[in-house]
Amino acid sequence: MNEKPPSKAPDKFLKPYDPAAVEGRIYKLWQDSGYFNPDKCLEDGLVTDMAKPFTIIMPPTNANGSLHAGHGLVMTIEDIMTRYKRMRGYRTLWLPGLDHAGFETQVVYEKKLEKEGRTRFEIEPKKLYQEILDFTLTNSANIKEQIKKIGASCDWSREKFTLDNDIVRTVYDTFKRLSEDGLLYRGKRIVSWCPKHQTSFSDLEIKDEERTEEFYYLKYGPFTIATSRPETKFGDKYVVMHPDDKRYAEYEDGQKISLEWINGPITATIIKDKAIDMEFGTGVMTITPWHDPVDFEIAERHHLDKEQIIDERGKLLPIAGEFVGMNIKKARPLIIEKLKAKGLVEKTDMNYKHVVRTCYKCGTIIEPQIKSQWFVHMKPLADKALEKIKSGEIEYIPEHYKKITTHWLENIIDWNISRQIVWGIPIPAKICQKCGEGFVDLDDKLRTCAKCGGDLIKDNDTFDTWFSSSQWPFASLGFPGSEDFKTYYPTDVMETAGEIIFFWVSRMIMLGLYVTGKMPFKTVYLHGLVLDAKGQKMSKSKGNVIDPLTLTAKFGTDAFRMGMVIGNTPGTSLALSEGKVSAYKKFANKLWNIARFIFENVNDVDMSVSYSANDVALIDVRDKLFKEITAEMDEYKFYIVAEKLYQYAWHQFADQILENSKHVFQNESAEGIASRKRLLVETLDKLLRALHPFMPYITEEIWSDMPVALAAGKGKKPLMVESWPIIT
RNA sequence: GCGCGCUUAGCUCAGUUGGUAGAGCGACCCCUUGACGUGGGGUAGGCCAGGGGUUCGAGUCCCUUAGCGCGCACCA
């Protein structure tokens with residue numbers, strides 16, 4: 001037996017692939033090259049100024065958060081898109097951003113305050129804002145490092161934060177423009193109020209919960225009314241029924257009746273309104289306009305009085321008489337007790353199932369309240385968006401999100417954009433102390449109310465964080481005047497979670513169209529949830545949260561990325577397990593050893609030799625594959641491409657071609673050997689290129705270790721900016 | 001109630017414009033220590049949820065039933 005010849009592969013190839021020894025160094029190499037920035041690519045002649053731009057705006061990440069599996073997915077998919085397009089010669093920009101995440105962050109900070117024995121209500125707003133800002137900025141370095149860890153090739157020189165001055169300015173301009181166009185109004189309207197968080201919400205921030213509760217049938221004069229909320233009934237002085245209801249034909253609209261109620265005799269007025277469902281309950285109800293949206297609408301229609309019964313903290317007001325100051329939850333049974341004593345409770349249904357609206361964050365029952373808030377009149381914006389969507393100006397992946405979106409847009413309601421929290425962009429407006437009217441005032445000029453002459457004070461509310469983030473695609477690019485905006489807008493792909501199709505994506509479309517006149521992006525790519533190995537939603541309380549950084553540390557980032565993309569079709573959720581990721585670590589090692597085999601066995605190569613008949617057949621198979629995957633990359637079918645490359649590299653290239661090469665090198669003619677060497681080197685070259693968007697670290701590492709004799713003038717620039725294996 | 005999906009091998013899922021069912025993981029069997037912290041070869045036979053229809057032909061189009069999931073709107 002001959003002794004093994006000395007290896008020509010670098011020593012590190014004698015050991016398994018070690019991601020920890022590679023990733024930090026490679027990311028630095030990329031960053032130092034400057035090629036995450038398309039301007040630098042242009043400057044160095046890697047793309048021409050004729051090159052088409054390709055732009056992705058990263059969904060701004062919560063600056064205060066840490067990377068979870070969902071982020072891992074975003075970063076992986078967007079990086080694949082970005083690296084692919086960069087290799088295809090596009091002027092590629094992936095713009096990273098951080099989000100102040102208004103309410104979310106404030107809630108986190110409130111918990112911190114709570115631990116310190118403080119509450120936000122005792123801190124002066126400006127000081128509180130500064131505290132949260134410091135807190136957020138301190139933590140933001142963390143999330144950025146984590147994004148880098150996933151290998152994100154985004155242009156950090158263009159990083160934006162949602163509270164940057166220029167962003168805020170853009171948001172203000174939009175606010176003003178909405179006002180000028182009559183699309184903004186300040187209205188005393190019923191809003192969804194969280195008694196714990198002391199702020200209003202949009203309809204999207206409310207979670208419905210089905211509950212079984214008591215349903216009381218109460219005697220209200222000659223009528224019986226049904227309610228699940230007796231604690232709101234103190235002020236009820238209108239009794240409503242359907243105008244066509246024969247049972248109550250004897251009563252007339254506007255008729256007054258006297259009756260005994262919770263705290264004594266009252267006079268009630270009869271109202272006839274078609275909003276009443278004759279089939280439900282007794283077909284009669286009393287209304288509480290201040291605390292119920294339907295009742296509010298009825299009161300508006302008939303110009304009825306509205307009285308507040310429950311305060312902002314969920315406690316009863318003086319109208320409740322002896323129950324004043326009492327928490328509504330506590331008051332309910334006591335009120336029923338009193339009603340029973342007065343003989344006003346006819347019956348109680350103990351198994352009444354209905355839906356209660358709760359705060360998505362704390363689960364507290366939402367207490368509707370009438371408040372003066374800023375609303376955006378959405379119908380015109382939605383109509384414009386619908387027109388463009390229906391005419392096919394935007395592509396949805398998966399396609400059915402288009403239907404979901406149009407359905408939502410067709411039924412859109414006005415958007416409450418003011419929040420009673422300090423952590424956010426202050427609303428640039430003044431409020432009249434006398435009449436409550438609001439005025440947009442960007443430059444702090446207004447002093448007196450144009451309507452009633454009263455004094456104006458600063459509006460203390462902030463914008464719903466989604467109002468500013470809905471402007472992100474153009475705001476982050478420096479709308480309106482910047483070169484970047486001209487070059488990169490409209491952007492190409494908006495890749496984000498299907499969960500926020502309404503919150504964010506649809507609103508970006510509406511505001512993008514409204515402000516710039518153009519669709520903010522050409523394609524919407526929506527991914528699903530990342531679930532645990534058993535297919536369950538990850539949650540802290542269940543303790544099944546998988547930390548992406550634990551996985552990257554254990555198996556390497558490339559393996560993690562493969563685990564994220566393979567088997568992950570758009571819009572469907574992905575079950576993530578250690579086993580899956582570990583399988584791709586093996587694959588990384590396989591690639592490593594493919595390289596080692598070639599480096600050890602091919603000392604030199606002549607890239608101009610003709611191929612043997614046998615190798616031509618192998619090349620046909622290979623090149624057919626590359627043609628297929630290129631088409632699939634263009635269709636965003638990354639899950640297929642990754643799997644095909646895995647399959648080819650392992651079971652074709654390694655199992656068949658490399659194994660067979662051992663015989664070729666021993667038994668065939670010099671021509672045959674030369675042909676095979678060329679095949680090996682060329683295929684490795686193509687494979688590294690094709691795998692690079694998926695597994696950037698190991699491919700870059702192998703690329704940089706390619707022996708000079710095989711590199712043929714390559715290797716001067718990073719693989720990251722080399723070309724995709726075929727040009728179609 | 002309205003809307004949107006899903007139901008394919010034990011598990012996770014692919015199946016593009018309709019043409020005699022695929023991958024990964026797992027399982028099982030055999031082999032192997034000079035590219036590989038193992039690897040190679042092989043096996044496993046799923047009425048493509050049920051029913052109906054269109055078609056020469058349907059997992060792939062249409063209708064329908066059932067189960068599951070999600071979204072929206074809600075009746076006091």
Side-chain angles (χ1 to χ4, degrees), chain A residues 1-5 7 9 13-18 203-204 206 208 215-218 225-230 232-233 236 239-241 275-288 291-295 298 352 354-355 357 398-408 410-413 498-499 501-502 528-529 531 533-535 537 562-563 566-569 571-577 579-580 582-601 628 631-632 635 637 639-640 642-644 646-647 650-651 654-656 658-659 661-662 680:
Chain A
M1 288 295 270
N2 292 334
E3 278 203 12
K4 188 183 173 185
S7 172
F13 281 89
L14 302 180
K15 287 187 282 181
Y17 173 61
D18 178 14
D203 53 312
L204 293 180
I206 307 304
D208 288 346
F215 195 49
Y216 307 101
Y217 288 80
L218 308 177
I225 59 160
T227 183
S228 59
R229 299 205 59 192
T232 65
K233 297 287 149 198
D236 288 12
V239 57
V240 193
M241 60 214 71
I276 300 298
D277 180 353
M278 290 187 271
E279 308 294 318
F280 187 81
T282 58
V284 185
M285 70 172 190
T286 60
I287 58 167
T288 315
H291 300 290
D292 185 286
V294 175
D295 296 2
I298 294 171
Y352 177 59
H354 70 148
V355 172
R357 293 150 53 89
E399 210 180 342
H400 73 260
Y401 272 102
K402 185 170 170 175
K403 283 186 201 165
I404 295 174
T405 300
T406 52
H407 185 254
W408 184 71
E410 279 160 359
N411 297 290
I412 200 152
I413 62 170
E499 267 187 315
I501 180 86
F502 304 138
L529 293 171
L531 307 173
K534 291 177 193 158
K537 201 167 173 174
M562 288 294 269
I566 290 182
N568 187 5
T569 47
T572 57
S573 48
L574 170 77
L576 178 63
S577 66
K580 189 174 179 190
S582 82
Y584 299 115
K585 178 174 167 41
K586 287 186 188 170
F587 178 59
N589 199 51
K590 191 74 184 176
L591 280 179
W592 193 245
N593 283 289
I594 287 171
R596 175 182 167 185
F597 176 86
I598 294 172
F599 295 169
E600 286 183 346
N601 289 283
E628 277 169 26
E632 284 154 355
E635 291 167 21
K637 292 179 177 169
Y639 56 99
I640 291 180
E643 207 167 323
K644 281 188 178 172
Y646 174 99
Q647 191 67 15
W650 199 316
H651 300 300
D655 290 351
Q656 304 298 322
L658 259 60
E659 286 299 331
S661 296
K662 295 173 186 173
L680 292 179

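Each chain gets a letter, A, B and so on, in the order its sequence line appears, and its residues count up from 1.
Classification of the Tyr646(A)-Trp650(A) ring pair by plane angle, with boundaries at 30° and 60°, yields tilted. Between Phe13(A) and Trp592(A), the ring planes are parallel. Angles under 30° get that label, and only those over 60° would be called perpendicular.
Searching all strands for a Watson-Crick or G-U wobble partner of G69(B) with both distances below 3.5 Å returns C4(B). Under the Watson-Crick or G-U wobble criterion, with both distances below 3.5 Å, C48(B) is left unpaired in every strand shown. For U60(B), there is no paired base (Watson-Crick or G-U wobble, both distances below 3.5 Å). Base-pair partner of C11(B): G24(B) (Watson-Crick or G-U wobble, both distances under 3.5 Å).
Spacing between G67(B) and C74(B) at atom C1', rounded to whole Å, works out to 25 Å. C48(B) and G40(B) have their C1' atoms separated by 32 Å, given to the nearest Å. The P atoms of A49(B) and A58(B) are separated by 15 Å, rounded to the nearest whole Å. Between the C1' atoms of C31(B) and G69(B), the separation comes to 46 Å (whole Å).
Residue Thr572(A) has its side chain nearest to A14(B) when only G5(B), G24(B), A14(B) are considered. Distances from the side chain of His407(A) to the nucleotides A23(B), C2(B), G5(B) place C2(B) closest. Across C74(B), A76(B), C36(B), the shortest atom-to-atom separation from the side chain of Lys590(A) is found for C36(B).
If you measure from atom CG of Asn593(A) to atom C1' of A35(B), you get 5 Å, rounded to the nearest angstrom.
Applying the 4.0 Å criterion to OP1 and OP2 of C25(B), one finds that Tyr646(A) has a side-chain N or O inside that range. In this model, the phosphate group of A76(B) is approached by a side-chain N or O of His354(A) to a distance below 4.0 Å at OP1 or OP2. Residue Lys662(A) has a polar side-chain atom (N or O) positioned under 4.0 Å from OP1 or OP2 of A35(B).
Applying the salt bridge (charged side-chain N to carboxylate O under 4.0 Å, His left out) criterion to Glu643(A), with sequence neighbours excluded, gives no partner residue.
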